[in-house]
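The block underneath contains the structure these notes are about, expressed in structure tokens.
Numbers restart at 1 for each chain; the letters A, B, ... are given by sequence-line order, proteins then strands. We use all heavy atoms of the structure for the numbers below, so side chains are in, but hydrogens, waters and symmetry mates are not.
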Protein chains: 2
Amino acid sequence: MATKARRTERREEPLSRERIVEAAIGILDAVGEGGLTFRVLAERLATGPGAIYWHVSGKEELLGAATEVVVTGTVLGGAGGASPQEVIRDLALRLFDAIDAHPWIGGQLARSPGQSPTLQVFERLGRQVQALGVPRPARFTAASTLLSYILGVAGQNAANAHGQESEQDRTEFLDGVSAAWANLDPDAYPFTRDVAEQLREHDDRAEFLAGIDLVLAGIAASHAG
Amino acid sequence: MATKARRTERREEPLSRERIVEAAIGILDAVGEGGLTFRVLAERLATGPGAIYWHVSGKEELLGAATEVVVTGTVLGGAGGASPQEVIRDLALRLFDAIDAHPWIGGQLARSPGQSPTLQVFERLGRQVQALGVPRPARFTAASTLLSYILGVAGQNAANAHGQESEQDRTEFLDGVSAAWANLDPDAYPFTRDVAEQLREHDDRAEFLAGIDLVLAGIAASHAG
DNA sequence: ACCTGAACACCGTTCAAGT
DNA sequence: ACCTGAACACCGTTCAAGT
């Protein structure tokens, strides 16, 4: 039966947990964790701050739910049929890119160890560790080490992401740090001074992957023979 | 010349950056990051909130200074004359214990990558990496990987430290997580379920050290031959 | 059942005024 | 130079009142 078209008025589609979380992600991506406010969020949803509390228990849950949406979307759908090492690398890189796109999840992941998003990553890592042939008692340590490394990088990236939207910003930032390191007291910071120039031309993503490979090499070495 | 004794009245010793930071550390240790407030801090120092701002630019600097005091005290004075691996293990464990005693530095370290406290740790790690015989181009990666792993564990410990003052609390917490893991959906979380029982009897500190050893093994394997 | 929005109890920070 | 403390511009959260 032909009903009048344009029935979907763009007004007042009902509030829902899903819409709230989606709007929160948008705000977080646009202005960062500090910019997500119940008032801003309410305005974006064309309602009052109180309405949000009917769907969500508070800010902590909201941040958790937002993180879960992004991480779940990232963790699912990896490359099939590759070696365990390849799957781990692929997962790690997808997480790295997700944190690059949504820096706020870096800080969030780090402080929700038992929570669902972190657990999803742990589970994926653990399965591949098992597939790698790591003996049962050593699997927990291997998976935890990979996870902690990933969370460590995530937290640092989240902290560094402050004012770096463009590639230009990023280059300037690295140049600045590199210059600062090169000027450190040679007696107190000989090593840091020595690697300062490497920092200028370094690729975060490649560096992150090299760290993953280092841990994987350690896992392989520890249960060889 | 004999002046009246009891000249040092216990009243009004002048405010100073040092006293402020010290008081902040005390509050942070007692009630955590959420409990550190300029009003609480001012009361503890028997002054008004505004007075603190003459010595310290804001809360961020205050947290940074507090972290620096604790980390510097921890980083200095390691065991001399041991192998590079031993020195790294020793440094890592001292940091672990410091974070255990002051959980707030876990979160703080993670979000101050270029800052002095993190840099001090990076420098120490790097020197030992060099002493390990790692070739120059690989040193940055090796030191960064160790640092990221340490920061990752630090962040998780900071997040977990919420309500666990006593050993009892800790055990209950692990039992709870272990039970929760054992009840996960077998299809979605086979690995996590499988390691659930290991978690109950696990030693955070030993586990942390095992992760360090895994990375060290990877470093050794990667530049062998 | 769900939404509204004023109100509450806090924050970090500023600043005129004091000594 | 250093301190005081009221005041400002915000928060997250609650809740009586509406529909």
Given C:dA1, D:dC3, D:dC2, the nucleotide with the shortest approach to the side chain of A:W54: C:dA1
- request: Write down the distance between CG (B:L45) and C1' (D:dC2), rounded to a whole number of angstrom.
  value: 15 Å
- prompt: Which word best sums up how the rings of A:F140 and B:H202 line up, parallel for under 30°, tilted for 30 to 60°, or perpendicular for over 60°?
  reply: perpendicular
task: Could you tell me the separation between the CZ atom of A:F38 and the P atom of C:dC8, rounded to a whole number of Å?
output: 20 Å
Spacing between A:L63 atom CG and D:dG12 atom C1', to the nearest angstrom: 12 Å
Protein-nucleotide distance (A:I20, atom CD1; C:dC3, atom C1'), rounded to Å: 11 Å
query: Looking across every strand, which nucleic acid part, if any, lies under 4.0 Å from A:L36 by heavy atom: base, sugar-phosphate, or nothing?
result: sugar-phosphate
Salt bridge flag under 4.0 Å for residues A:D185 and A:R193: no
task: State plainly whether the residues B:R205 and B:D97 are in salt-bridge range, i.e. N to O under 4.0 Å.
output: yes
- prompt: If pairing requires Watson-Crick or G-U wobble contacts with both distances under 3.5 Å, which nucleotide is the partner of D:dA7?
  reply: C:dT13
message: Using heavy-atom distances to pick each residue's nearest nucleotide on DNA chain D, tell me which of B:I52 and A:R39 is more 5'.
response: B:I52
Nucleotide opposite C:dT19 in a Watson-Crick or G-U pair, distances under 3.5 Å: D:dA1
task: Check the distance between D:dG12's P and A:H55's NE2 and give it to me in whole angstrom.
output: 18 Å
query: Atom CZ of B:R17 and atom P of D:dC3: how far apart are they, to the nearest Å?
result: 15 Å
query: In whole Å, what is the span from the CG atom of A:L15 to the C1' atom of D:dT19?
result: 15 Å
query: Going through the distances and angles, do A:E123 and A:R127 end up as a salt bridge (Lys or Arg N to Asp or Glu O under 4.0 Å)?
result: CA-CA 6 Å; A:E123 170 71 23; A:R127 283 187 218 168; 2.8 Å; yes
message: For the aromatic rings, using the six-membered ring if either is Trp, is the centroid distance between A:W181 and A:F191 under 6.0 Å?
response: no
statement: Testing D:dG12, D:dC3, C:dT13 for proximity to the side chain of B:P49, the answer is C:dT13
- prompt: Between atom NZ in A:K59 and atom P in D:dC10, what is the gap in whole Å?
  reply: 15 Å
